[in-house]
Amino acid sequence: MLSARVTSNLPKVRKRYNLFFKRFPNIVTKGLEQAGVQLKEIILDRTDRGLDFNKRKFVPYSPSYSEEKGKTVVNLQDTNRMLQSIDSKLKSKNKVQLFFRSQTQARKALFHQKGLGKLPERIFFKFNLKTEKLIRRSFEQFMKKEIKRLKIWAKEKI
């Protein structure tokens with residue numbers, strides 16, 4: 001007579017996958033929020049150094065304006081209200097948006113961005129492919145670290 005005993009690890013596997021899928025959307029949301037903040041910081045840092053989105057120097061101030069304000073570096077920081085108004089928010093479950101909290105500051109930024117009125121074009125509120133790749137790598141590293149931190153796939157036998 002032959003007898004066999006069969007055991008299954010299905011409950012353990014199911015529990016770990018449920019844990020993963022329960023926490024996964026929160027991890028993505030947190031990662032996207034961090035990506036938005038990172039892009040904001042990149043734009044602010046680059047603008048502070050007087051560089052456009054392609055890391056080229058902005059068109060210089062007119063000699064009269066430069067003399068009046070005592071500035072030679074174009075960093076778009078007269079009162080700094082425009083740049084302080086930049087913020088980021090989660091737009092959807094896979095999209096983050098940068099925006100200006102103040103309509104007045106958004107209009108001012110548009111004039112700088114497009115070169116409207118007497119202002120020359122100074123494109124600061126934009127990013128290039130290199131910046132996109134940097135943020136994507138940071139997002140991927142964050143996701144890997146968070147998934148690893150969940151300890152869903154332990155080295156023990158399931």
State whether the side chain of Ser102 and the backbone N or O of Ser85 hold a donor-acceptor pair below 3.5 Å, judged by distance alone.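 The answer is no, because no donor-acceptor pair under 3.5 Å joins these two groups.
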When you measure from the side chain of Arg122 to the backbone of Asp52, do you find a donor-acceptor pair of N or O atoms at a distance under 3.5 Å?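 Here the side-chain-to-backbone pair does not exist.
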From [X] atom [atom1] to [Y] atom [atom2], the distance as rounded to the nearest 0.5 Å:
{"X": "Lys69", "Y": "Tyr61", "atom1": "NZ", "atom2": "OH", "answer": "9.0 Å"}
{"X": "Leu98", "Y": "Lys91", "atom1": "CG", "atom2": "NZ", "answer": "12.5 Å"}
{"X": "Ser92", "Y": "Gln97", "atom1": "OG", "atom2": "CD", "answer": "10.0 Å"}
{"X": "Ile43", "Y": "Ser88", "atom1": "CD1", "atom2": "OG", "answer": "10.0 Å"}

Would you check if [X] and [Y] make a side-chain contact, meaning some heavy-atom pair closer than 4.5 Å?
{"X": "Lys55", "Y": "Asn128", "result": "no"}
{"X": "Tyr65", "Y": "Asp78", "result": "yes"}
{"X": "Leu39", "Y": "Thr131", "result": "yes"}
{"X": "Leu44", "Y": "Thr47", "result": "no"}
{"X": "Lys126", "Y": "Gln113", "result": "yes"}
{"X": "Asp48", "Y": "Gln77", "result": "yes"}
{"X": "Leu51", "Y": "Arg56", "result": "no"}
{"X": "Phe142", "Y": "Ile27", "result": "yes"}

More than 12 heavy atoms of other groups within 6.0 Å of Glu67 CD: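 Open.
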May I ask whether [X] and [Y] are part of the same hydrophobic cluster, defined by side-chain heavy atoms of I, L, V, M, F, W, Y residues being less than 4.5 angstrom apart, directly or through others?
{"X": "Met82", "Y": "Phe127", "result": "yes"}
{"X": "Ile135", "Y": "Phe124", "result": "yes"}
{"X": "Val96", "Y": "Val28", "result": "no"}
{"X": "Leu110", "Y": "Leu119", "result": "yes"}

Do Glu140 and Lys144 sit within salt-bridge range, that is, some charged N less than 4.0 Å from a carboxylate O?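 Between Lys144 and Glu140 there is no salt bridge, as every charged N stays at least 4.0 Å from the carboxylate O atoms.
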Taking Glu146 first and then Arg149, would you say they form a salt bridge - that is, a charged N and a carboxylate O separated by under 4.0 Å?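 Between Arg149 and Glu146 there is a salt bridge, with a charged N closer than 4.0 Å to a carboxylate O.
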Could you go step by step and tell me if Asn26 and Thr29 meet the side-chain hydrogen bond (donor to acceptor under 3.5 Å, both in side chains) rule? CA-CA 5 Å; Asn26 297 335; Thr29 300; 5.4 Å; no
Nearest non-hydrogen partners of [X] and [Y], listed with the distance:
{"X": "Leu76", "Y": "Phe58", "answer": "CD1-CZ, 4.2 Å"}
{"X": "Gln105", "Y": "Arg81", "answer": "OE1-C, 3.6 Å"}
{"X": "Phe139", "Y": "Leu32", "answer": "CE1-N, 3.7 Å"}

Is there any salt bridge (Lys or Arg N to Asp or Glu O under 4.0 Å) pair reaching into residues 93-112, and which pairs are they, with sequence neighbours excluded?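 For residues 93-112: Asp87-Arg101.
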In terms of ring plane angle, is the pair Phe125 and Phe100 parallel, tilted or perpendicular, where the classes change at 30° and 60°?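 Rings of Phe125 and Phe100: tilted, as their planes differ by 30° to 60°.
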